[in-house]
Every structure is written in structure tokens, then in C-alpha cells.
Protein chains: 2
Amino acid sequence: MGRKPAAPLQQTARAIRGRRAAYVLDDQIGFMLRQAYQRNSVLFGELFADELTPTQWAAIAKLSQVGGCSQNHLGRLIAMDAATVKGVVDRLMKRGLVESAPSATDRRRLLLTLTAAGRKTIEQGVARAFEVSAKTLAPLKANEQAVLLRLLKRIG
Amino acid sequence: MGRKPAAPLQQTARAIRGRRAAYVLDDQIGFMLRQAYQRNSVLFGELFADELTPTQWAAIAKLSQVGGCSQNHLGRLIAMDAATVKGVVDRLMKRGLVESAPSATDRRRLLLTLTAAGRKTIEQGVARAFEVSAKTLAPLKANEQAVLLRLLKRIG
DNA sequence: TATTGTTATACTCTATAACTATA
DNA sequence: TATAGTTATAGAGTATAACAATA
């Protein structure tokens, strides 16, 4: 299979020469990020049989990682707005995966923790979550995967 | 600045040796994609002063690129569900950026096109859209940007 | 004054099912 | 009949702004 010349580089070269580069939507980082994230979400839905959304998984995985924290702090850890994380946590509590208790030291805070069911969900989900990541990256060779992750982390 | 060893590779190596790798949310491709896309969206919102969302921009940019097409076809071009694209197009028509007319050759179809206002929005937005892409990629050097785009396109 | 959490509102994404018009 | 496209509806994530309680 022949490799096509990289469009983004052509664009940059043109810009340097002072000519107007065409705006090609499909070559823009935002458009690519959206498409890649969408494909990842579909894979997640297939492997998790729609028990949990990627966002809900992120919330309980992070909660499992840190042991327990306030609602707003959890939001900061997983890059979610206070209003957003509230909705996510509400749904997780309704399913009995997360519980909250007022903090003893600061009565503004709600201390979030995983329930026994929540911990079980993590235990049973980790292998599948790894598989989602592997399948998302499957089009790339191992060294390319590592490069992508390293670069992606720096623009996040 | 010292470079830290790449965690994903360590994880893979561990998995190969049969030991259980820890699931670190922040090292998963899906989590990174979501964060990067979110940062891109924030930059978009800043530069477009919330006149348009990234999705709406994608719709009119693609429409400008292809000249005109049916609603469902547009959805396929920008990886959007038929129901999703309908909402987006409805909002764009309400703002007078897009108009629709029945196709002459296949009367099932509605041919979508940009209005004069829509074409003006594209003209005035392209420079800013380029800037959004540039700012999103700014943490990376030029050659790293090209590598990221090339790899990302392959997992989208 | 700053922070935590809540509420209200709006847009987007996704999925399903039902429907219309045409091939 | 089969297909392309549209419409209706619902649940979820995202963000902003305004607000009350607490630190």
C-alpha cells in the first residue's frame, strides 16, 4: 500500500511560503479528536454492554484510584465541571455504585466513596477497559501507540 | 528536563510477562482523547466567542467544502448520526446560515446549501479555525504535531 | 471573599422506533 | 417491497450562570 503525502505538512509548507492554505476539516486536530473519541466510545459500549458510559467508568475508576474525595475534587481529577460531575455522580448513586456522606471536618463537602457494588464493578471491568484501549489503538503498531499516547498527553 | 519512561510500554511489557498491570485512568487512550477534545473545544469557544459550536462549525465547513448535499449525507461526512445532524442543521437554518431545497433528481432528498450569511461566516471564521488548531497543538513542536495528526487519523 | 454544592437552562451526542416518499 | 431519509423521543454529557450555605 502506497503512503499518501501528509496533508498537514503540505498545509504548513504553504503557509510558510505565504500562500493561503485550504481549510480542510478532516485535517484539523479537533475534528480528528472527536472522531477518535467517538470510535473509542463505540468500542466501550460494545464491551461494557451499555451498563456504564465511558464517563461514568472514568468517575468510578478515579474514585477507586484515590480511595475517596469530595464531589468537586473528583470533577477536577477527571476534568469535569462541577455541574457535570454532579449529574454523573447522581446517576452512579442511583445505581448504588457510589455513596456520599457529609465531611466531618468541612460541612460544605460531600465525601464520595465506592460502595461494595462499585468496587465489584471496577474489579470486573478492568480487563474490559484494557481491551477497549487496546482495540482503540489496534490500527497502530506498538511503538506508534506509545508515541501517540505520549504526544496526546501533552495536548490534554 | 529528564524524560520519564513511557508508562504504556511498561504496562505492555508487564502484561507480556503475565503480571497484572495497574489500570491507570490517566494513561488510557479514551481518557486522553476526551481531555484533548475538551481543551480544543474550550479554545474554540474562546476564539469564536460562542457564536458557533465546534459541531456547527464542522457542519458548515464541510458543507462549504462539498458545495451542497443532503442532510444524511452531510452526517456521514462529519461522522454524525442522522438524528444528531438533524438537530445541528435545524439550529443552523434557524440562524440563517443554511438553507434546504428538494433535490431535482431524487425527490426524497433535501439539498442543503450555505446561505450568503453562511458563506460569510465561513470566510470570517477560517482564520480563527486555523488558530484553534494551532493553539491546540501548540505544546508540541512542528514535527511532533505532524506525527500526532498522522497517527490520530489512523485511529479515527 | 473563596469554596462547595445545587439548580436552571441550553446544546450536543446517541439510540431506537415509527413514519414518509421514492426507487 | 426495499431503501433513503425524516421525525419523535429519551437519556446522557457538557458548560454557563445564578444561587445558598459554609469556611
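This is a predicted model, so every value here is computed, not measured.
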Side-chain donor-acceptor pairs under 3.5 Å in residues 122-132 of chain B, sequence neighbours left out?
{"residue": "B/Arg128", "atom": "NH1", "partner": "B/Leu47", "partner atom": "O", "Å": "3.4"}
{"residue": "B/Arg128", "atom": "NH2", "partner": "B/Gln124", "partner atom": "O", "Å": "3.0"}

- prompt: Rounded to the nearest Å, what distance is computed from the CE atom of residue B/Met93 to the P atom of nucleotide D/dT6?
  reply: 9 Å
- request: With a 4.0 Å heavy-atom cut-off, tell me which residues in residues 94-102 of chain B come close to DNA chain C, sorted by residue number.
  value: none
field: For B/Asp90, all residues meeting salt bridge (charged side-chain N to carboxylate O under 4.0 Å, His left out), sequence neighbours excluded
entry: B/Lys86
message: How many whole angstroms separate atom CG of B/Asn40 from atom P of D/dT14?
response: 15 Å
- prompt: Is the phosphate of D/dT14, meaning OP1 or OP2, less than 4.0 Å from a side-chain N or O of B/Arg34?
  reply: yes
- prompt: Given C/dC13, is OP1 or OP2 found less than 4.0 Å from the side-chain N or O atoms of B/Thr55?
  reply: yes
- line: In whole angstroms, the gap separating C1' of C/dC13 from CD1 of B/Ile78 amounts to 12 Å
Test side chain to side chain contact (heavy atoms under 4.5 Å, CB included) applied to B/Thr113 - qualifying residues, sequence neighbours left out: B/Glu99
- request: Can you tell me the distance, in whole Å, between the CG atom of B/Leu112 and the P atom of D/dA4?
  value: 18 Å
- prompt: Think B/Lys86 has a side-chain N or O under 4.0 angstrom from the OP1 or OP2 of D/dT6?
  reply: no
Inter- and intrachain pairs under salt bridge (charged side-chain N to carboxylate O under 4.0 Å, His left out), touching residues 60-71 of chain A, at least two apart: A/Lys62-B/Asp26
query: Any side chain to side chain donor-acceptor pair (under 3.5 Å) pairs touching residues 33-47 of chain A, not counting sequence neighbours?
result: A/Asn40-A/Thr136
- prompt: Once you round to the nearest 0.5 Å, how far does CD of B/Gln145 lie from CD1 of A/Ile29?
  reply: 9.0 Å
field: By side chain to side chain contact (heavy atoms under 4.5 Å, CB included) - contacts of B/Lys94 (at least two apart)
entry: none
query: Whole-Å distance between C/dT4 P and A/Leu111 CG?
result: 13 Å
- request: Calculate the interatomic distance between B/Asp90 atom CG and C/dC13 atom P; express it in whole Å.
  value: 14 Å
message: Let's see if you can work this out: which of C/dC13, D/dT14, C/dC11 has an atom nearest to the side-chain heavy atoms of B/Thr53?
response: C/dC11
Interatomic distance where OH belongs to A/Tyr37 and C1' belongs to C/dC13 [whole Å]: 10 Å
message: Apply ring-ring contact (aromatic ring centres under 6.0 Å, His included) to residues B/Phe31 and A/Trp57 and explain how you reach the verdict.
response: CA-CA 10 Å; B/Phe31 187 75; A/Trp57 170 260; over 10 Å; no
message: What residues from residues 59-76 of chain B pass a heavy-atom cutoff of under 4.0 Å to DNA chain C?
response: none
Collect all protein-nucleotide pairs involving nucleotides 15-22 of chain C in which both atoms are nitrogen or oxygen and the distance is under 3.5 Å.
none

query: Taking it one step at a time, do A/Leu151 and B/Leu152 satisfy side chain to side chain contact (heavy atoms under 4.5 Å, CB included)?
result: CA-CA 10 Å; A/Leu151 296 177; B/Leu152 207 46; over 6 Å; no
query: How would you list, by chain and number, every residue that makes a side chain to side chain contact (heavy atoms under 4.5 Å, CB included) with A/Ala117, sequence neighbours excluded?
result: A/Leu97, A/Thr115
Tell me which donor-acceptor pairs under 3.5 Å the side chains of residues 63-72 of chain B have, and how far apart each pair is, sequence neighbours excluded?
{"residue": "B/Gln65", "atom": "OE1", "partner": "A/Leu25", "partner atom": "N", "Å": "3.3"}
{"residue": "B/Ser70", "atom": "OG", "partner": "B/His73", "partner atom": "N", "Å": "3.2"}

Pair listing, salt bridge (charged side-chain N to carboxylate O under 4.0 Å, His left out) test, anchored in residues 110-121 of chain A, at least two apart: none
message: What is the separation between atom CZ on A/Phe48 and atom P on D/dA12, rounded to the nearest whole Å?
response: 17 Å
